[in-house]
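In each ligand, atom 1 is the first atom listed, and ligand 1 is the first ligand listed.
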Amino acid sequence: SARHTKITVVGVGNVGMAIAQTILTQDLADVIALIDANPEKLRGEMLDLQHAAAFLPRTTIVSSPDDYSVTRGSDLCIVTAGARQNPGESRLNLLQRNVSLFRKIIPPLAKYSPDAILMIVSNPVDVLTYVAWKLSGFPSNRVIGSGTNLDSSRFRFLLADHIQVNAQDVQAFIVGEHGDSSVALWSSISVGGVPVLNFLEQQRIPYERKMLEDIHKAVVDSAYEVINLKGYTSWAIGYSVSSLARTILRDQRKIHPVTVLAKGFYGIEGGDVFLSLPAQLGRGGVLGVTNICMTDEESRRLRSSARTILEVQSQLNP
Ligand code: LAC
């Protein structure tokens with residue numbers, strides 16, 4: 001890469017390390033800084049990555065359990081630290097534990113990298129992106145959450161599987177909360193440039209609303225299903241976040257559904273709410289939010305999702 005690129009990953013659990021290793025294998029950074037409050041875990045993960053040096057692009061790895069000066073001058077700070085869902089727990093249940101953690105993490109990140117982009121992954125990602133925005137004092141275009149980028153890839157996989165095409169040829173967005181109140185934008189799905197509802201009719205694939213709703217429900221249930229089976233999710237979120245990091249650091253100006261400050265879009269009001277909308281990303285963070293078409297039903301569901309998030313956000317201790 002022409003210029004010196006540095007990424008910080010806070011939290012070296014399953015998600016943080018899935019992200020770190022995809023960043024390494026995709027050669028996205030010259031330096032990776034790892035932060036985790038557990039010194040043994042942190043040193044173990046750093047050594048284990050360094051031992052792969054002979055097989056990886058030349059990337060410097062630095063780490064510290066509590067000295068945030070190692071993160072100095074980062075271009076992108078990815079925060080995965082925090083409690084994760086236990087089986088049966090919703091993402092919103094994690095809020096208070098993770099807010100108190102963010103009060104320790106976000107200010108030093110902002111201090112050492114005042115021009116960085118913050119990428120929040122910890123759950124509940126939408127409210128925690130709002131918290132990171134407030135704690136960092138950064139402009140909202142430089143505070144992004146991984147949001148429904150992952151839900152949308154799950155959606156594209158399930159749709160592609162159902163209609164037997166390649167997921168790369170399915171353009172589909174899930175927006176709103178990264179969670180139970182997310183919204184599938186059926187009306188704007190296209191397969192190879194063909195709107196999906198016409199595609200299903202053309203291909204004489206039985207189309208009924210229930211099938212579409214079942215696919216969206218399967219997306220909402222995905223994380224619960226994987227958590228019940230293996231205890232946590234890591235690979236899908238790891239690749240989702242490294243795809244966002246690549247778009248940002250290589251200034252690719254691609255459009256991703258990510259958590260952004262959504263107040264004012266689609267009639268969303270009632271407070272500074274962050275939720276996922278299709279946004280163009282580049283080196284400067286959020287370059288713009290697209291004006292994707294929504295049916296009245298879809299935008300109504302989006303405003304309802306915003307209210308769900310604001311309801312939880314209103315319980316935050318000031
Ligand atoms: C998931 C976590 C990242 O959806 O929320 O897998």
Taking side chain as C-beta onward, heavy atoms only, is Tyr266 less than 4.5 Å from Met294?
yes
Which part of Asn123 is near ligand 1, with near meaning a heavy atom under 4.0 Å away: side chain, backbone, both or neither?
side chain
Begin from the C-alpha positions of Gln313 and Tyr130 and carry the test side-chain contact (heavy atoms from CB on, under 4.5 Å) through to its verdict.
CA-CA 9 Å; Gln313 200 163 294; Tyr130 163 79; 3.4 Å; yes
Just say parallel, tilted or perpendicular for the rings of Phe274 and Trp133, cut-offs at 30° and 60°.
tilted
Option set Thr233, Leu94, Ile237, criterion heavy-atom distance to atom 6 (O) of ligand 1, minimum
Thr233
Could you check if a side-chain atom of Met17 sits within less than 4.5 angstrom of a side-chain atom of Thr80, using non-hydrogen atoms only?
no
Contact between Ile7 and Leu249 at the side-chain level, heavy atoms closer than 4.5 Å - yes or no?
yes
Need the ligand 1 atom indices (1-based, order shown) with element for anything under 4.0 Å from a heavy-atom of Ala223.
1 (C), 4 (O), 6 (O)
For Leu150, which part has a heavy atom under 4.0 Å from ligand 1: side chain, backbone, both, or neither?
side chain
Would Arg154 count as a contact residue for ligand 1, given that I'm defining contact as a non-hydrogen atom of the residue lying under 4.0 Å from a ligand atom?
yes
Does Arg84 reach ligand 1, in the sense of a heavy atom lying below 4.0 Å from it?
no
